[in-house]
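Notes follow the structure.
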Amino acid sequence: MSQLKVPKGTRDILGREIHLWRRIEETVYSVAQLFGYQEIRTPIFESTELFARGVGEGTDIVQKEMYTFLDKGGRSLTLRPEGTAPVMRAYLEQGFAVHEPRVKWFYLGPMFRYERPQAGRMRQFHQFGFEAIGFESPACDAEIILIAWTIYEELGLKRLSLEINSLGCNHCKPGYIEALKNFFRDRSEELCSNCKDRLERNPLRILDCKVETCQTVLRSTAFPNLQDFLCEDCKKHQAELLQTLTALGIPFVINPHLVRGLDYYTRTAFEVKTGELGAQDAVGGGGRYDNLSQALGGQRVPGVGFAAGMERIVLLLQKEETETSSERSGVYLAPLGKEGERYLLVLSRVLLQHGIPFYTDFADKTLKYHLKRAQKMGIRWVVILGEEEIQKSVFLLKDMISGEQISLSQEGLLKKLQEEISGAENTYLR
RNA sequence: GUGAGCGUGGCUCAACGGUCAGAGCACUGGACUGUGGCUCCAGGGGUUGGGGGUUCGAAUCCCCUCGCUCACCCCA
C-alpha cells in the first residue's frame, strides 16, 4: 500500500508560506478597492467550448494543456486555464453589454494547465487579474498597467521590467500576417519544425521562437516588422499609451517580438518579467482583447486586462524575505487537568468578548510541556490554571520573556492582558 | 510531449558490493514529582519510492515503473 500523495503539479500551501499568500491577497484587495475594481468569482470549471472559442483553437493552451472531462450528463467541461474568457462570458451572460457596458472587475483564484511542472510552473497555479471592459481609451490600458505596477511595488518587488508591444487590430493584423506568410513562402525551410507548423496555425507566434535558426531569420533586414504594419488608429493608440506610461513614470521597453499565446489579444500586449526565477520569468502579463466578446458570440465589446501568477510572486518574496519574527500575539492558556481545561474554556469566552486572541492546548500534559509549547509558538503570555489556582480562585499569569509570574483575579487578568496585548494588532508578519 | 539529474526516518544528509542502515535537527520522556529557553541522558520512528534481475551477499550494480527537480516547449 503506497502512501497517498498530492497529484503531480499540485502542492499544499501551509506554514510560514501562507503569510506570503495572505499578504499578496490583501494587497490585491486593497489596490482593487483604491482603483474602484469589484471582485468577480466565476466557476472553477466552464464548458470546454468557452476556452476553445475564447482562448483560441490554435493555442497551446487549448491544444494540449487543458483539463477536460465529461460529466455524468455527457457535457464537456474544462478546469479553467485562465481567467479572462470566463470573465467575459459572465459579462455577456449577465447582460452587462446592455445594462452596464463599462465595468471594472478583478478576480483571484486557482487555474489549471496540464504541463510538466518546473520552477514557477504548476498544474494548479493561482492568478489574480484585473479586467476593464467597455473602454476603448489607451488611458485604460495605462491604468491596467499602473495597477499591476502598483501591486508589485506595494509588495516590494524590485528589478522587474515591463515589455510592451502592439499586435494590431482587425484592420492591420491580417495584413501583417499576410506579409509574414509571403516572407516565408520561399524561406520556410529555414524555420524549425515547430514554426513551420505555426506558419499555418498561429503565424504570429513565430516572432518569439527562441530556436537559433529562427532567430537568424527574424533578424534579417527583409523581415517584416509588426510595428510598420500598424494602421493609423493602432499607431495612435500605442503612442498615447506610451506617452501616458512616461507621464506615470513607469519604465518600459518596446519588444516588437512580444506576442502572447492567447488569440484574443489586439493592440496592446505586455509582459512583466523578472530575472530571478530561471526559465519561468513572466510574473504577469496582459493586454487588450477587443475581439474576445465576438469570439464568444456577443456583440463587439472592447476590453483590457492583466493577470499575474501568484506562486511566482511568492517565490520572489521568499528570495527577498529576510528573517521574519514568528512571534504571535495573544495568550497561551495552559490547563492542568480536566478541571483546568473547563475553567480555561470558560475564560476563553471572556477573552473573546474583549478581543484578546488566545490558544488553548488540550494535550492534558505537564506544566513543563505547556511552557515549552508556548515558547515554541512564540507566545509571550501564558495563563496557568491548575488545582492550586482553582482553589484560590486566581489565574497565574507568566511572562515568558522576563520569567515573572503573578496571581490575578479574573478582572485583574483582563486588565493586564488588555494593557499588554492590543487586540487588533496582528503581528504574524511584517 | 522531449532531455538530463536525483529518490535512504517528519526534515537535512552519511554508509569502499560485506555483520543488526547511522548522525544532526525535530518529536517523546528523564535529570528538574507545578515552571520554558541552555546542558546532559534515554527512547520511539526505516519493507533504503515500488517491482524484477545479477550475486554467496544489494541502499550500493543492471532493467522496468512511479515520483521529484531542472531545462526544452509554453506561459503566469
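Using cut-offs of 30° and 60° for the angle between ring planes, the A/Phe69 and A/Phe45 rings count as perpendicular.
If you measure from atom CG of A/Leu258 to atom P of B/A76, you get 10 Å, rounded to the nearest angstrom. When rounded to the nearest whole Å, the span between OH of A/Tyr369 and P of B/A26 equals 16 Å. Rounded to an integer number of Å, the gap from CD of A/Gln63 to P of B/C75 is 12 Å. Between the C1' atom of B/A76 and the CD atom of A/Glu65 lies a distance of 11 Å, rounded to the nearest Å. The CZ atom of A/Arg123 sits 15 Å away from the C1' atom of B/C75 (whole-angstrom rounding). Between A/Lys376 atom NZ and B/C25 atom C1' the separation is 11 Å, expressed in whole Å. Rounded to a whole Å, the CD atom of A/Glu115 is 15 Å from the P atom of B/U2. Look at CZ on A/Phe270: it is 10 Å from P on B/A76, rounded to the nearest Å.
Ring pair A/Phe229/A/Tyr176: centre-to-centre distance below 6.0 Å.
Between the P atoms of B/G36 and B/U28, the separation comes to 15 Å (whole Å). One P atom belongs to B/C20, the other to B/A14, and the distance between them is 24 Å to the nearest Å.
Interface remark: the A/Arg312 side chain does form a donor-acceptor pair with the B/C75 base, using a distance-only criterion of under 3.5 Å. In this model, a side-chain donor or acceptor of A/Arg121 finds a partner on the base of B/C73 within 3.5 Å.
The heavy-atom pair separating A/Gly36 from A/Lys104 by the smallest distance is O-CB, 4.1 Å.
Comparing B/C70, B/C68, B/A76 against the side chain of A/Phe125 picks out B/A76 as the nearest. The side chain of A/Gln118 lies closest to B/C70, out of B/G67, B/C70, B/A76.
Within 4.0 Å (heavy atoms only), A/Lys365 reaches sugar-phosphate atoms of the nucleic acid but no base atom. No engagement by A/Gly129 is indicated, since no non-hydrogen atom pair under 4.0 Å with the nucleic acid exists.
Salt bridge present: A/Arg121 and A/Glu115 bring a charged side-chain N and a carboxylate O closer than 4.0 Å. One finds no salt bridge joining A/Glu178 and A/Lys181 here, because no Lys/Arg side-chain nitrogen approaches an Asp/Glu carboxylate oxygen to under 4.0 Å.
Under the Watson-Crick or G-U wobble criterion, with both distances below 3.5 Å, B/U8 has no partner in any strand shown.
When each of A/Leu277 and A/Pro7 is assigned the nucleotide of RNA chain B bearing its nearest heavy atom, the one mapping closer to the 5' terminus is A/Pro7. Heavy-atom nearest nucleotides on RNA chain B were determined for A/Thr10 and for A/Asp60, and the one closer to the 5' end corresponds to A/Thr10.
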Between the protein and nucleotides 34-40 of chain B, which nitrogen or oxygen pairs come in under 3.5 angstrom?
from  : atom 1 : to       : atom 2 : distance (Å)
B/G34 : O6     : A/Glu387 : N      : 3.4
B/G34 : O6     : A/Glu388 : N      : 2.9
B/G34 : N1     : A/Glu389 : OE1    : 2.9
B/G34 : N1     : A/Glu389 : OE2    : 3.1
B/G34 : N2     : A/Glu389 : OE2    : 2.7
B/U35 : O2     : A/Lys398 : NZ     : 2.8
B/U35 : O2     : A/Gln405 : OE1    : 3.3
B/U35 : N3     : A/Gln405 : OE1    : 2.8
B/U35 : N3     : A/Gln405 : NE2    : 3.0
B/U35 : O4     : A/Gln405 : NE2    : 2.8
B/G36 : N1     : A/Met400 : O      : 2.4
B/G36 : N2     : A/Gln375 : OE1    : 2.7
B/G36 : N2     : A/Met400 : O      : 2.7
B/G36 : N3     : A/Gln375 : OE1    : 3.0

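Inspection of the A/Glu143 and A/Tyr37 side chains reveals an N or O donor paired with an N or O acceptor under 3.5 Å.
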